[in-house]
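Report on one structure; see the data block that follows.
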4 protein chains.
Amino acid sequence: MPRLTANARSEVRERLLRAAATRFAADGFEGANINTISLQAGLAKGTVYNYFSSKEELFGEVIRSASRRAVELWSRAPAGGSLEECLRALAAADVRVLREQEPFMKVLVREAMSFRPETYPMILEHLAPFLEAVGGCLGRAVGGGRLRDDLPPEELALVFVGMLALFYIQHWGSDGAWPVLDDVPELVVTLFLDGARGPAARASGNVQ
Amino acid sequence: MPRLTANARSEVRERLLRAAATRFAADGFEGANINTISLQAGLAKGTVYNYFSSKEELFGEVIRSASRRAVELWSRAPAGGSLEECLRALAAADVRVLREQEPFMKVLVREAMSFRPETYPMILEHLAPFLEAVGGCLGRAVGGGRLRDDLPPEELALVFVGMLALFYIQHWGSDGAWPVLDDVPELVVTLFLDGARGPAARASGNVQ
Amino acid sequence: MPRLTANARSEVRERLLRAAATRFAADGFEGANINTISLQAGLAKGTVYNYFSSKEELFGEVIRSASRRAVELWSRAPAGGSLEECLRALAAADVRVLREQEPFMKVLVREAMSFRPETYPMILEHLAPFLEAVGGCLGRAVGGGRLRDDLPPEELALVFVGMLALFYIQHWGSDGAWPVLDDVPELVVTLFLDGARGPAARASGNVQ
Amino acid sequence: MPRLTANARSEVRERLLRAAATRFAADGFEGANINTISLQAGLAKGTVYNYFSSKEELFGEVIRSASRRAVELWSRAPAGGSLEECLRALAAADVRVLREQEPFMKVLVREAMSFRPETYPMILEHLAPFLEAVGGCLGRAVGGGRLRDDLPPEELALVFVGMLALFYIQHWGSDGAWPVLDDVPELVVTLFLDGARGPAARASGNVQ
DNA sequence: AATGAATGAGTCTTCATTCAT
DNA sequence: GATGAATGAAGACTCATTCAT
C-alpha cells in the first residue's frame, strides 16, 4: 500500500515543476541548481530524484508541461470569424497561458530564443499545435486575396508567433512598462497584419 | 617600458575576444569554459587573466566589442532617402555586421533574448545608437502621415529591431534554410511596414 | 502475539539473505544496494530494516549464514578412511555446499581473499570447523610418515583450504571452463598431496 | 615553457599512484575515495584530475603500473637451471616485487581474487608474462617425465601463481605471522612440486 | 508488518582562479 | 608575459536510513 495517494504524489510533482520553472526561467538551464529548486519546493535535494531521473529530464518535463497547458488553452480558443478575430483569439489564449504559467512560459520563450541545438527541436515540436492553429487562420484568408502571396502561410505563422514572443520579451525586459500584457493581442495582430504603416495609411496613402 | 608593443598586446586581446565569442555563442555563458577559449585562441589558460580579470568581464567585453563594431557600421549606413530606403539601409548594415561577426552577434542576440537582469541593460545600452538611427528614419516619416500614430516611434523602433533579431534566430534555428540572410533586409522592411496583408492588399483590397 | 508466525518471519528473512548474497557476490559490499536487494527479494526497501539493522549487519548475516550451512554439511562428511579418502570427502562436501549456495560462497571466498581487516577474522572464525576437520585428517596421517614433517598440520590445512578456494576462483573466473566443479575434489587432493610432479613421478623418477 | 619539468611531473604522478595503491589496497575500488587519496599524496582533490581523467582510469593505472614493474623484475630472473631452480627464481622475483611495491601488489592480488568481470581480464592480461615464464619452466620439464602429464602446463602454471597469491594472502591475513615472506619461494616451490607428502615420502614411503 | 517518500551526508567531477617559474 | 600545476568551491547524483501511513 503506497504511502502517498497518486494525487498527493502528483501534487508534489507539480510543486517541483513549478519551482524548477521559476529557477530555470531566472537562471537558465546551466545556471539553475537542483538544491535551490528542491528547497524552493520545500523539499530536500534527494527528493527531486524520486520524481525525475536527472536535471535534464526535469528541464524537459518543465517544457513539456508548459506546452501541454498551452496547447490545451489554445485548442479552446474559438478559431472562427474573420482573420483579425481568429488571430486575436489565438493571441489572447496565449496571453492567458502566459499569465497563468508565467515561469513556465519564460523558460519556453527563453529556450526557443536561445536556439540551442538540444532544445530547439523539442520546443518547435511542442509549438506545432499553436503554429498550425495560426496557419489555419492564415490559410483561410489567403484565398480571398487578403494576404500577401509572396510568403507561404507557414512562414507567416512563424513570424506571428515570433512577434508574440518579441512582445513578451519586451514586456519582461521593461519590467512590465511596455507593452502591458492586455494590449499584446491587439498590438501583435495589427502590427502583424498591417505593419507600421497601419490600416489608416492604407486607406489614405494609396490614393495618389 | 612594456615588453609587448601596444599593438601586439591588442592583437592578442582580439584573438581572445574572437575565441570567447565563438564559445559563448555556442555554449552560453555558463557552458563556455575558459580553458577551451584560451586553447582556441592558441594560448594557455593563465594568459586569459593577463587580459581580463574574470570570466564575467571577458563576457562583458565580448558584448561590448560586438556592439562597438555594430555601431560603427550602422553609423556609416546612409540614413537618408525614403522611409523604405532608410530602414533597408540600416537593416542591410546590420546584416553586414552579422556576417562579419557572426559569433559576436549570436552572443548579443542570445543574451538580449534571455532577458537576464544582469545583462539586459548592458545590451540595451549598446543597442541605443542603432535604435536611435531607426528612430530617426521613423520620426521623419511620422509627420507625413505615412506611419500609424497610435504607437510612438521609439516603440516602433524596438519592434523593428526585434523583428530583425527574430529573423536571425529563425535563420540560425533552421540552419540557414529560411530566411537566407540576403533576403532579411527586404523581408523585415516590408513585413514591418506593410504587415502580412502586404502592399498589394493595400492597393486592391481597400478601395472598395 | 506476533502478527507473523515465527515460520513466516524466518521465511522472509531467508529470502532476504538469499537476495543479498546474490547481490553482494555480484557487486561487492560497497557496490551492492539495499533497494536492489529488497526488490530482488520481492519486498520493499523499508522491509529490510525490519529484519536487519543496517547494511553492515545484513552483510555479516550473509556470511554467518553461509558458513553455518557449510559447517553443517561438512560435519556430515564421513571423516574416516585413508588420507586421500578423508580429504576427498571433505572437499566433496565443500563442493556440495558451493553448488547449493553459490552466491553465499562467492561472498565468502571473495571476502576471505580481500583480507579486509573488518571481515577477515570473522571469516576465519567461521572457517574454523572445516579447518579442524581437515586438520584431523592430516593429523592422523602425520604419525605414519605419510606427510612431510617440516610443516605443522594446521598450516597444511590452511594450504588445503586455500587451494580449494583457488580452484573455485579459477572456476568462476574462467566462466566454468576449467576446472569443472566435479573435478575439483580429485584435483585438489592429488595436487595437494603429490604436487605437480604427481604420484607417477614419485615412483619412477626417484630411483636414479 | 612548462612550469614543471617532465621529471617533476612524473614524480607527482608517482606520488599519486602510490597513494592510490595504498587506498585501493586498503578499501577496494568502491571504498577508496579520491579526496583521501589526494590528501595522502599531499595534494588537493582537483590535482588528481590533472593527471588522471577519472577514478576508473587512476585504478587502471595503478594496476598497470604494478604489473609493469613486476614484469620487469620477472624478466630479469634467471630462467635456466633445473625445474626447482627455475621456479624458485621466479617466485623470488615475485616476492621482491611484492616487497618493493606492497600496496600495488595488494591491489593486484585483491582484484585478481575478486573475479569482477570488469577487471579480471585486465589482470590476467598483465599477468600473462609471468604465467608464460612459469609455463616455460614447466614445459621444459614435461618432456623428461618429471611432471605429471594429466594436466597441461598452462593449468599447472595457473596453480603455481595461485599458490603464490595464496601465501601472500595468508601472510597479510596473519599480519606477517606465517608465512614469512622470505620463506615463500621455497615453500611454494616444494608444495607445488611435491605436495603435502613431500619429497621425503617419495623416496621412502613408496618403494614398498 | 510492509511500504516507499523524504532525507542529507558523501562522492565524483568540473572549472574559475591563483601564482611560482 | 606566458604558462600550466595546484587549488577548492560548487554542483549533479547516489544511497543508506528513517518514519508516517
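Note that the structure is predicted; figures quoted are calculated from it, not measured. Keep in mind that the numbers below use all heavy atoms, side chains included, and drop hydrogens, waters and symmetry copies. Each chain gets a letter, A, B and so on, in the order its sequence line appears, and its residues count up from 1.
Among E:dT7, E:dC12, E:dA16, the nucleotide with an atom closest to any side-chain atom of A:T47 is E:dT7. Side-chain atoms of D:Y49 lie closest to E:dT13 of the nucleotides E:dC15, E:dA1, E:dT13. With F:dA2, F:dG1, F:dT17 as the choices, the nucleotide that has an atom nearest any side-chain atom of C:I34 turns out to be F:dT17. You'll find that the side chain of B:Y51 is closest to F:dA2, out of E:dA2, F:dA2, E:dC12. Among F:dT17, E:dC15, E:dA6, the nucleotide with an atom closest to any side-chain atom of C:S54 is F:dT17. Of the candidates F:dA2, E:dT3, E:dA6, the closest approach to any side-chain atom of A:L43 belongs to E:dA6. You'll find that the side chain of A:K45 is closest to E:dA9, out of F:dC15, E:dA9, E:dA5. Of the candidates E:dT3, F:dA6, F:dA2, the closest approach to any side-chain atom of C:N50 belongs to E:dT3.
The interatomic distance linking A:E30 (CD) with F:dA12 (P) rounds to 10 Å, in whole Å. Atom CZ in B:R13 sits about 14 Å away from atom P in F:dA2, given to the nearest Å. Distance B:L58 CG to E:dC15 C1': 15 Å, rounded to the nearest Å. Rounded to an integer number of Å, the gap from B:F52 CZ to E:dT18 P is 16 Å. B:K55 has its NZ atom 13 Å from the C1' atom of F:dA10, to the nearest Å. F:dG1 atom C1' lies 13 Å from atom CG of B:L16, rounded to whole Å. Rounded to whole Å, the distance from CD on B:E11 to C1' on F:dG1 is 15 Å. One atom, CG of B:L39, and another, P of E:dC15, lie 13 Å apart when rounded to the nearest Å.
Base pairing of E:dT21 is made with F:dA2, judged by Watson-Crick or G-U wobble geometry with both donor-acceptor distances under 3.5 Å. E:dA1 is unpaired under the criterion used here, namely a Watson-Crick or G-U wobble arrangement in which both key atom distances are under 3.5 Å. Taking a pair to require two hydrogen-bonding distances under 3.5 Å in either a Watson-Crick or a G-U wobble arrangement, F:dT14 pairs with E:dA9.
The 5' end of DNA chain E is approached more closely, in terms of each residue's nearest nucleotide, by C:V48 than by the other of C:V48 and A:R15. Map B:F29 and D:G31 each onto its nearest nucleotide of DNA chain E; the residue landing nearer the 5' end is D:G31.
Note that D:R13 lies outside the cation-pi zone of D:F52, set by a 6.0 Å cut-off to the ring centre and a 45° limit from the axis. Geometrically, D:R9 engages D:Y51 in a cation-pi contact, judged by NZ or CZ lying under 6.0 Å from the ring centre and within 45° of the ring axis.
Sorted by first then second residue, the side chain to side chain donor-acceptor pair (under 3.5 Å) pairs that include residues 15-31 of chain C, not counting sequence neighbours, are C:E11-C:R15, C:R23-C:D27.
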One pair to check against side chain to side chain donor-acceptor pair (under 3.5 Å): B:S53 and B:E57. What are the steps and the verdict? CA-CA 6 Å; B:S53 71; B:E57 194 198 289; 2.8 Å; yes
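Between B:F24 and B:F59, the two ring planes are perpendicular [angle over 60°; tilted spans 30° to 60°].
Using a 4.0 Å heavy-atom cutoff across all strands shown, A:A41 reaches no nucleic acid atom at all.
At the phosphate of F:dC15, neither OP1 nor OP2 sits under 4.0 Å from any side-chain N or O atom of C:N35.
Summarising the geometry of A:L16 relative to A:I37, their closest heavy-atom pair is O-CG2, 4.3 Å, with the distance given to 0.1 Å.
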